[in-house]
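Accompanying notes for the structure given below.
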Amino acid sequence: MVKLIEMMLDEGLITKEAISKLVKSRPPKKISFANLIGENLVDAEVVNNFLVRKIREGALTLSRLEKIEGIDIVSILKQVAEALHVEYIDLDEVEIDMRLFSTVPYKQLIKYHVIPIEEDELYVLVAFDDPLDMGAQDAIQRLFPKKPIKIAIAKPSQIMHHLQRLEINESVKGLIQDIRRDLSQENAIEVEDGESSAVLKLIDIILKSAIYIGASDIHIEAMEKSCIVRERVDGMLRQSFTFDKDIFNPLASRMKLLANLDIAEKRKPQDGRFSSKISDREFDFRVSTLPTIYGESIVLRILDKSKAMIRLEDAGMSQFCYERFSNAIKAPYGIVLVTGPTGSGKTTTLYGALNAIKDIKDKIITVEDPVEYQMAGLQQVQVHPQVGLTFATALKAILRQDPDKIMIGEIRDQETLRIAIQAALTGHLVLSTLHTNDAISAVTRILDMGIEEYLVSGALVAIQAQRLVRKICTHCKRETVLPERLLKEIKQYLPEHPVFYKGEGCKECGGSGYKGREMISEVLVVSETMSRMIARNASKEELTKQAYEEGFISMFEDGVHKALAGKTTIEEIYRVARL
């Protein structure tokens, strides 16, 4: 960074007075490209052109440039590619031909920081992190003597990430060879039915790998040229394995056998589940299959049984939201809703609430689809639409069981919602989830579903809306500077001298800068005034104004507070919540 600033000073792109202005500001700001551009001390396009020229001159490498804060590396890569007449490739958007990759010594790829992408009739496409390294180009060309290589350029961090991921495939290469040997033998029919021990070992590695890194889901997908395995970690998918296409069928068949599914049925979706003990912990795996144009997509939801015992206070709510929500679920009757999109932690919050309120004196019955975690002291009902046991029919039967508290996994239709509200009005505490973007929208959503205003106003106790944001990795956490534009947008939520943090990326977090997730939420408590407004069909704008007058804190503001506390980043808050 210092050397680059010196180069820019030498060429007159920036003045010493501009640098002094940053250092002498109150509070003093770091000398970074983000600040130089944010303070309008240098033009972003001028900086990009300067950096592209230095890369072409060999005075700067892309791997070094990528580590500098405030640089738009993708924009620079595209400019470099255009100047050198080569192709820019986003490695996360292309499919790597695994058969081509397996023909090249892995040590050579690591040595030269390159990755072969695909081969056609004319050339072999290879991504380099330094398109000017002629020695690397000559060495890689010798690996493909029959065809010329076509140079492409990609982010250095992407190349290393994909090489490290593909290295894992090297560790299971022996298993892949065993599966292929079994497939080529006379008992290939049995192997396709999933009886190969090598396939079982491969599945065991996939499951252990996912659990080790804290994944919530495993995606096994058939592609045109390969079979890929991806894991959802902290809400984001990352690729962990890439196999040749011929491995998919035996792998899929064995997965179906484990989940008691029909292995011969590949034309319609199927659902099942199985349990397995991994590292002395019991896990349930919920399996879903979906036909696709290249085969099937198989998704495994990992259910850790220990998570059913989560305490509400450990769910990650701010103290303000926790107190409001805790008071709401202690109400003797009424309906408390938790809203948010799929994967926002609604079910976990409901289980935490049940743990907080369950008592030997109360009968608590839940109706779920499916029952994800089994809890002692509760009567849990699994819906079975095939035999007519829907949420609505189960709820009608539950009300004849003399319950005190009821948890409904999800309100999907008007019939279920009407029964739930009637149960809330007749002396039961009802907990459930609803798909809305924020807490106040839940009120209008319920009314849109055809429920009368006077019923809604009498039944609603509180609504919590929530999202999950990724937490900054504590191992690589450091202070960062936000662009001035962003600071102006959130100025109303900030103290006088705000400090923000980010994760640089390390081995602990897999280079993402994030590890674990934290909840951001908003809790709308339905007061007497709010209840009267709902009864007279007040608009969403009127309800919002009244909520803020009563001390309501929005989910976005809650997120900004979490960012100021160093738990997450402003970028994460913008990713999941709206200002």
Side-chain angles (χ1 to χ4, degrees), residues 210-211 213-218 231-236 273 281-286 299-319 321-326 328-329 335-358 364 366-378 380-382 405-412 429-439 442 462-471 514-523 555 558-559 562 567-568 572 576-577:
I211 287 166
I213 62 173
S216 59
D217 302 85
I218 303 170
E231 295 149 341
R232 191 175 294 281
V233 182
D234 298 333
M236 308 294 280
R273 65 191 299 160
R281 287 165 64 195
E282 193 72 32
F283 290 89
D284 281 344
F285 297 91
R286 205 168 79 209
V299 177
L300 285 76
R301 167 66 58 89
I302 303 172
L303 303 173
D304 184 352
K305 292 185 176 180
S306 65
K307 287 186 178 178
M309 300 309 294
I310 189 170
R311 301 188 309 163
L312 196 58
E313 53 266 40
D314 297 332
M317 294 184 209
S318 64
Q319 188 63 29
C321 292
Y322 171 71
E323 288 173 2
R324 285 190 144 203
F325 188 73
S326 293
I329 62 175
I335 185 165
V336 178
L337 294 173
V338 180
T339 76
T342 302
S344 59
K346 300 188 300 294
T347 304
T348 303
T349 299
L350 285 184
Y351 277 112
L354 290 175
N355 266 326
I357 63 174
K358 70 177 182 179
I364 303 176
T366 76
V367 51
E368 306 168 62
D369 181 22
V371 175
E372 294 193 2
Y373 303 109
Q374 295 174 16
M375 294 179 66
L378 274 63
Q380 295 175 272
V381 178
Q382 164 91 45
K405 298 176 174 68
I406 301 167
M407 190 269 268
I408 307 167
E410 184 184 343
I411 292 176
R412 297 176 180 171
L429 178 66
V430 180
L431 306 178
S432 189
T433 69
L434 196 65
H435 284 279
T436 62
N437 289 325
D438 55 65
I463 304 164
Q464 168 162 303
Q466 64 182 66
R467 300 285 190 281
L468 293 176
V469 294
R470 292 178 293 170
K471 291 199 294 187
Y514 298 97
K515 190 166 185 178
R517 287 196 286 181
E518 178 92 358
M519 181 197 297
I520 61 170
S521 59
E522 61 186 28
V523 180
M555 189 159 35
D558 186 48
K562 291 279 175 76
K567 293 181 178 178
T568 187
E572 268 296 285
V576 303

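- Between Ile411 and Ser432, the shortest heavy-atom contact is CG1-OG, 3.2 Å.
- A donor-acceptor contact shorter than 3.5 Å is absent between the side chain of Lys567 and the backbone of Gly559.
- By the side chain to side chain contact (heavy atoms under 4.5 Å, CB included) test, Ala465 is found to be paired with Thr339, Ala439, Glu522, Met555, residues two or more places apart in sequence or in another chain being considered.
- The nearest pair of heavy atoms linking Asn437 to Arg467 is O-NH2, 2.8 Å.
- Inter-residue side-chain proximity for Glu410 and His435 is flagged as met; some heavy-atom pair is nearer than 4.5 Å.
- Among residues two or more places apart in sequence or in another chain, the side chain to side chain contact (heavy atoms under 4.5 Å, CB included) test is passed with Arg324 by Phe320, Val523, Val525, Phe552.
- Minimum interatomic distance between Arg273 and Leu303 (heavy atoms only, all atoms of both residues): NH2-CD1, 3.8 Å.
- One finds the OG1 atom of Thr366 at 14.5 Å from the NZ atom of Lys405 (value rounded to the nearest 0.5 Å).
- Shown are Leu429, Val430, Leu431; of these, the side chain to side chain contact (heavy atoms under 4.5 Å, CB included) with Ile335 is made only by Val430.
- Contact check for Asp369 versus Gln382: side-chain heavy atoms found under the 4.5 Å cut-off.
- How far OG1 of Thr436 is from CD1 of Ile463: 7.5 Å, rounded to the nearest 0.5 Å.
- Among all heavy-atom pairs drawn from Ile357 and Ile329, the shortest one is CG2-O, 3.6 Å.
- Between the Lys358 side chain and the Ile364 main chain, no donor and acceptor come within less than 3.5 Å of each other.
- With contacts defined as side-chain heavy-atom distances shorter than 4.5 Å, the pair Gln466/Val338 qualifies.
- With sequence neighbours left out, the side chain to side chain contact (heavy atoms under 4.5 Å, CB included) criterion links Lys515 to Cys473, Glu508, Cys509.
- Arg232 contributes atom CZ, which lies 13.5 Å from atom CG of Leu300 (distance to the nearest 0.5 angstrom).
- Of the inter-residue distances, the one linking Tyr351 atom OH with Leu378 atom CG reads 8.5 Å to the nearest 0.5 angstrom.
- Between Lys471 and Thr568 the shortest side-chain heavy-atom distance does not fall below 4.5 Å.
- Taking the side chain to side chain contact (heavy atoms under 4.5 Å, CB included) definition, one finds that Leu468 meets it with Arg517, Met519, sequence neighbours left out.
- Nearest heavy-atom pair across Ile408 and Leu350 is O-CD1, 4.3 Å.
- With rounding to the nearest 0.5 Å, the separation of CZ in Arg301 from CG in Asp217 is 4.5 Å.
- Closest non-hydrogen pair, Thr349 versus Leu312, comes out as O-CD1, 3.9 Å.
- Atoms OG and CD, on Ser521 and Gln464 in that order, are 4.5 Å from each other to the nearest 0.5 Å.
- Taking the side chain as every heavy atom from C-beta outward, Glu368 and Met407 approach each other to under 4.5 Å.
- Partners of Tyr322 by ring-ring contact (aromatic ring centres under 6.0 Å, His included), not counting sequence neighbours: none found.
- Residues satisfying the salt bridge (Lys or Arg N to Asp or Glu O under 4.0 Å) criterion with Glu572, sequence neighbours excluded, are Arg470, Arg575.
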